[in-house]
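Everything below concerns the one structure shown next.
Just so it is clear, the model here is predicted, and its values are computed rather than measured. Residue numbers start from 1 in every chain, and the chains themselves are labelled A, B, ... in the order their sequence lines are given, proteins ahead of strands.
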Number of protein chains: 2
Amino acid sequence: MPHSNDPPLSDRTNDALTAAQLYYVQDLTMEAIAQELHTSRSSVSRLLSQARASGLVDIQIRSPLDAPSRVEKLILDRFQVTAHVLPVPDHASDVDRLERVALSVARILGEFFDSNMIMGIAWGSTMNAVSRHLTPKRTHNAQIVQLNGAGNTRSTGLDYANEILRRFSNAYDARLEQFPVPTFFDDPATRTAYWRERGLRRLLEMQGNMDVALFSVGSPFSMVPSHVYVGGYLDDDELAALSDAGVVGDVATVFYRADGSTDGIPLNDRGTGPELSVLRRTPRRICVVAGSSKVDSLRGALAAGLITDLFIDEGTARALVE
Amino acid sequence: MPHSNDPPLSDRTNDALTAAQLYYVQDLTMEAIAQELHTSRSSVSRLLSQARASGLVDIQIRSPLDAPSRVEKLILDRFQVTAHVLPVPDHASDVDRLERVALSVARILGEFFDSNMIMGIAWGSTMNAVSRHLTPKRTHNAQIVQLNGAGNTRSTGLDYANEILRRFSNAYDARLEQFPVPTFFDDPATRTAYWRERGLRRLLEMQGNMDVALFSVGSPFSMVPSHVYVGGYLDDDELAALSDAGVVGDVATVFYRADGSTDGIPLNDRGTGPELSVLRRTPRRICVVAGSSKVDSLRGALAAGLITDLFIDEGTARALVE
DNA sequence: TGACTCCTTGCACATATGTTCAGAGTGCTT
DNA sequence: AAGCACTCTGAACATATGTGCAAGGAGTCA
């Protein structure tokens, strides 16, 4: 065998691929794989880790479709939303909940996003957690769009949002369109003016053509307020105004009431999130919710018809359907 | 919590599903899962085994499409066939090779077969090995058709073939259309007559409408002859006649020469396998080959244009492209 | 009810896998 | 060539997982 050797010496990925095939498909033990690959068992273990982490190995749980859990069915009947209820023990802390829901979503998100698609993404604690666990998936000509601005008056919220978005764009090998504006303008007129800029129009057009939107819901007045509400984006007066207007939550810093209405909420005129009508035009709208403090806000978002697919931990799902 | 408990007590499958979710998606340890499910770690281990064996967990290896192995690319260029080359150590015995290739095919076959499809299946050592490892997949209104008769003059080849076919039909929850005829008739006229029977016409029609065909190639004159050639289906005179006619192999007991031609091979007039033209009309034609003794036969099948997808062990693939 | 089979469970042990760590290799700089 | 920062390796250890086995139901039958 002069030149036509086993794998055409591409690189380490190739070994990982072979190892994965031998391990997951042919059921060999790592020891055996080590022999075939002329390396140590430890290395095989590492190769396999890499294979999983880099998305070479794709593990899916395929629930026999005739058996959506009782709660999932209830949610579908009641809200016309496909729910994915994630098992999390009742005694788990809110941090645990978030982490576990985020992990699940990160693992499955690839199913919803593919080449040539545009995905709009909000930012906040939940998206942050999700972004940290994404399984890479190779796509072509895909695009990530930031849904709402992230600057605030006193800190570098920009970096925070940027980092989240960049993780998505890296994992999916997608172009990233950032939204370099504050979360809220001081004067609605500034926004109106800014929106006419050419760069902004391109971004807004992308938002209008999204295939998938990914977001959580914010819950301003719960025991565990969301990132926006504690990060210095809103002052006390503004919070009071929201409360007066009957706001129960937000999606991408667009606020709504319990019945899903948004009219006459002053802050919305200065915010940078997408019109809810734009969101509703998006074919797939994925909402991630962890922790029952978000139930009221979630109900509002459901009433507003913002969601098509809901990822939610079991306890919160139960709370949702009472 | 009076009646609305965690999973709506359906059954054991439900636990398996939850366990799989927790293990494969949320990366919990079996110990932790045991706690959440209020059972022992051993039981969780068993639940997970069941989840894998019953196809609840689907593990796929997704080669970055831009990196088909060198050999796979060569085969594609040379024969216009999508090859799946399976890593098997060079020193592996033929039995090992077969077993490992069969396992791989059995695991991935679900990708090619779905609801409302018709799959034609041949029988023989290779199909036998594949049938033993199939991962179940739930389908509706699917149909398995036997490609060629399995009776012979002296033993119960029927049971052998039946068992193979039944394994497929069970795994995919598909109806099974058997082919209750001998592998070869003694007199071509009998076949002609039989083919006019209504029951047979229905079967032949199904073969004509197959979406997928699954088969290996037989190698009559190699060191390791295939099942047909040692099972008492052919006597010495018949073998000699094949040899005289320049036959190099068969697919579903239809014989062909090295150039893929079949004209003037007398045994074909008495055989029960599908016309090669029928086979060639099938959109997807999956051939499974393990062991380099089948290379010549495989070349013939490729020349005859019988194959669209080829599963083959690495050594044999190398032999194929020299 | 008692005898029986069949199935499930958890324990204890045997294996298999993940991870730390010290040392070897590589490429770059001086 | 020596120094340095870096990455990769395999041995040894720490965990996690798979499995034989005996014990404990649940169902059936006489």
Out of D:dG10, C:dG18, D:dT19, which has the shortest distance to the side chain of A:M30? C:dG18

Among the nucleotides C:dT8, C:dC13, D:dA12, which one has an atom lying closest to any side-chain atom of B:R41? C:dC13

By nearest atom, which of the nucleotides C:dG18, C:dT9, D:dG18 is closest to the B:R12 side chain? C:dT9

Rounded distance [0.5 Å steps], OG in B:S131 versus CG in B:N170: 10.5 Å

Roughly how many Å is it from CG in A:L48 to P in C:dT19, rounded to a whole number? 12 Å

Flag the pair B:D96 / B:V88 as yes when at least one side-chain heavy-atom distance between them is below 4.5 Å, and no otherwise. no

Below 4.0 Å: OP1/OP2 of D:dT17 and any side-chain N or O of B:Y23: yes

Can you check the A:Q50 CD to D:dT7 C1' distance for me, whole Å? 13 Å

Atom-to-atom span, CG of B:L47 to C1' of C:dT8 - whole angstrom: 11 Å

Short side-chain donor-acceptor distance under 3.5 Å, A:N128 and A:S125: no

Expressed in angstrom and rounded to an integer, what is the separation of A:I33 atom CD1 from C:dT17 atom C1'? 11 Å

Looking at D:dG10, I'd like to know if its phosphate oxygens (OP1 or OP2) sit under 4.0 Å from a side-chain N or O belonging to A:T39. yes

Students often get this wrong, so: under 4.0 angstrom with heavy atoms, is B:S49 touching a base, only sugar-phosphate, or nothing? nothing

A:E31 has an atom CD; how far is it from atom C1' of D:dT17, in whole Å? 16 Å

What nucleotide, of D:dT9, C:dG18, D:dT17, holds the atom closest to the side chain of B:T29? D:dT17

How long is the straight-line distance from CG of A:L47 back to CG of A:L37, given to the nearest 0.5 Å? 6.5 Å

Indicate whether OP1 or OP2 belonging to D:dG10 is found under 4.0 Å from a side-chain N or O atom of A:S43. yes

Would you mind reading off the distance between B:Q35 atom CD and D:dA16 atom C1', rounded to a whole angstrom? 15 Å

What I want to check is whether the side chains of B:T18 and B:D15 have a donor and an acceptor closer together than 3.5 Å. no

Can you find a side-chain donor-acceptor pair between A:R12 and A:Q50 that sits under 3.5 Å? yes

Ignoring hydrogens and angles, state whether a donor on the side chain of B:S42 or B:S45 is under 3.5 Å from an acceptor on the partner side chain. no

Rounded to whole Å, the CG-P distance (A:D27 to C:dA16) equals 13 Å

When every nucleotide of nucleotides 20-28 of chain C is labelled 5' to 3' by its protein contacts under 4.0 Å (heavy atoms), B for base, S for sugar-phosphate only, - for none, what sequence of letters results? B--------

